[in-house]
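Right, one structure below, let's go through it.
In this chain, numbering begins with 1 at the start of the sequence shown. When a ligand or atom number is given, it counts from 1 through the structure's own listing order. Note that this is a predicted model, so its numbers are computed, not measured. Hydrogens, waters and symmetry mates are skipped; everything else that's a heavy atom, side chains included, is used.
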Amino acid sequence: MSAPLVKVLHRLQELFQNVVAALETMILLPSLFRGLGRRRRKPFLGTHWHRRSLDSFVEEVDTLFSVPLSTSTMIDMSEKIRAQFRHCLQNSPVCMLPSYTTTLPTGSEKGTYLALDVGGSTFRVALIKLNGREEEMEIVRVSSRYIDNSVKLLEGTQFFDWMASGIDTMLKDVGADYGRGDVALPIGLSWSFPIDQTSISSGLVIHMGKGFHCSNGTVGQELGQLLIESCRKRNLNVQMAAIVNDSSAALLSRAYVDSKTRMSLILGTGTNMAIHFPVHDIGRSKFGVRPDGWFDYAKNVIINSEMSMFGGGVLPMTRWDDVLNRTHMRPDYQPLEYMITGRYLGEIVRLIIVEAVETASLFGGQLPHSMREPYSLDTSIVAFIEEDSSTSLSSSAAFLQKQHIFPATPSVDDLRFLRRVCQVVSRRAAAYLATGIHSMWCLLNEAEFPEQSSIANLLIKESPEVIVTESDTAKNVSIACDGTVINKYPGFRDTCQGYLDRLSAHSHPNSGSAIRLESAHESAILGAAVAVAVAVAEE
Ligand code: GLC
């Protein structure tokens, strides 16, 4: 037989094996497939049915996660997401939410302010001293409380009572009478959830993600009031001076030191972007009731985009994403978030592990008991394994065995499989995030250079064969970014930056490195303090 013929036959055999393997998986694990009948009570059949090699399984995982990551596909997805942004800018009540912050800090604001930060996994109370742009902001004191699952399950006012007890403890540490005087102590709150802002210091609760139950029974109620009432029960005399979403806090904290800042990004437990955006490009109905004359002076306003809610129907999902989404407390609520953030990366990897144990003998075909529960594989493990570049992966093995009990020690092949899965899952996350950021950047370009954009659109319509570049209209931006994943996940930020460079070079040739990710550490507490300072200065 000739060599090319052997090759073709070999390919056909491989293809046939893959099809058989995929069919077997579909029969064994119907719960992993969208729309294939009802869910089985017992989705997995036990340990005797192991047909695939780990190698062929990981190849499939790699392919499924990598297919959407070509530059042209990502550009196409970015455009589709931009269409979603535009649509929601006109009328969505839960995303592209305009705040009341129109002007950015001048950098001359000074003073010491109390800042609260409700993040996805910590609650912090801090005293922040602003010394003006020339000097560093100072964290005079900070106390941190872990938000464990029992706190996340607190409903309605119970959660605010829990917050008030943390504030109480911190204030007592500062001084016995601090926060109990006749004059109410102004506080700024950074809130890592959507909020329907009704003034600079108030807003209505919107459904919260990240496993929090606090919005059960409080949706539509005034957030500041809920917290102040809980503080009153403890005789604390505090007054809400500013409420900001954590993405807006990041923007404010960076704008305080760099006046050119227009965009910010959070990637931790959740994800989001805030953007300083022209008011006239936002639907009037989105502003609710504004004070008289507000529209005369407000040229730009900070928007909390709730970017996590975008990408549905645009960003391809694998069967594991699909299981995660269908079994989620709020299916389809935050499609982008479910595929890229610290709360979910570990769970995606766990779902792949579960299938690999069942069908490809991972861990000798035995899933550790502790990994059976959803969300039992922490993203910190995924990050650890990805960072381990040794051939033996022995430190990964030790780390894994500290967190989970394995009937038999995982083999090197098991660990290599895991490392590859972690790399593939996190690379897609960085790429999807870059797609969202690129889309937001294009939205800002389009709003700030409307003439050029419409000329470009017209030219494209009239002569679709002509390649119209928007390079002259592109804006160089630095994006203030913060959050555990973007700060700490090994290589994540660089990978995301790489994708951003590719995307901007493709959509705006000659624009160079037009989008740059810049760290904005401690942005939630610093930004909340800046928000209070700006509010006080405007009074
Ligand atoms: C979630 C929240 C959003 C927050 C983001 C980052 O997606 O909905 O409000 O800004 O996480 O913490």
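Taking 4.0 Å as the cut-off between side-chain N and carboxylate O, Lys233 and Asp168 do not count as a salt-bridged pair. Of the charged side-chain nitrogens involved, none lies within less than 4.0 Å of a carboxylate oxygen, so that Arg262 and Glu448 do not count as a salt-bridged pair. By the 4.0 Å N-to-carboxylate-O rule, Arg232 lies too far from Glu229 to be salt-bridged with it.
Closest to atom 7 (O) of ligand 1 among all protein heavy atoms lies Glu337 OE1, 2.5 Å. Protein heavy atom nearest atom 5 (C) of ligand 1, with residue, atom name and distance: Thr271 O, 3.4 Å. At the shortest separation from atom 2 (C) of ligand 1 among protein heavy atoms lies Ser192 O, 3.4 Å.
Looking at Met309 against ligand 1, nothing comes within 4.0 Å, counting heavy atoms. Using a 4.0 Å cut-off between heavy atoms, Met208 makes no contact with ligand 1 at all.
Atom NZ of Lys488 sits in a sparse spot, with 12 or fewer heavy atoms from other residues, nucleotides or ligands closer than 6.0 Å.
Seen from the ring of Tyr100, Arg290 counts as a face-on cation partner, given the 6.0 Å and 45° thresholds.
Residue Asp246 places at least one N or O, backbone or side chain, under 3.5 Å from an N or O of ligand 1. Distances between N or O atoms of Gly270 and those of ligand 1 include no value under 3.5 Å. When only interatomic distances are considered, the shortest N/O to N/O separation between Ser247 and ligand 1 does not fall below 3.5 Å. On a distance-only criterion, Asn245 and ligand 1 share at least one N/O pair closer than 3.5 Å.
Considering every non-hydrogen atom in both Gly119 and Phe193, the closest pair reads O-CZ, 4.3 Å.
Not a single donor-acceptor pair under 3.5 Å links the side chain of Thr379 to the backbone N or O of Val382. Distance alone, capped at 3.5 Å, is enough to place a donor-acceptor pair between the Ser192 side chain and the Val118 backbone.
Between Tyr489 and Phe492, the angle of the ring planes goes over 60°, which puts this pair in the perpendicular group of the 30/60° scheme.
Atoms of ligand 1 lying under 4.0 Å from at least one heavy atom of Ser308, given by number and element, are 7 (O). Every atom of ligand 1 is numbered from 1 in the order shown, and the set under 4.0 Å from a heavy atom of Glu306 is 2 (C), 3 (C), 8 (O), 9 (O). Taking every non-hydrogen atom of Ile266 and a distance limit under 4.0 Å, the qualifying atoms of ligand 1 come out as 6 (C), 12 (O).
Remark: distances from the non-hydrogen atoms of Met307 to ligand 1 are all 4.0 Å or more. Using a 4.0 angstrom heavy-atom cutoff, Gly268 does not count as in contact with ligand 1.
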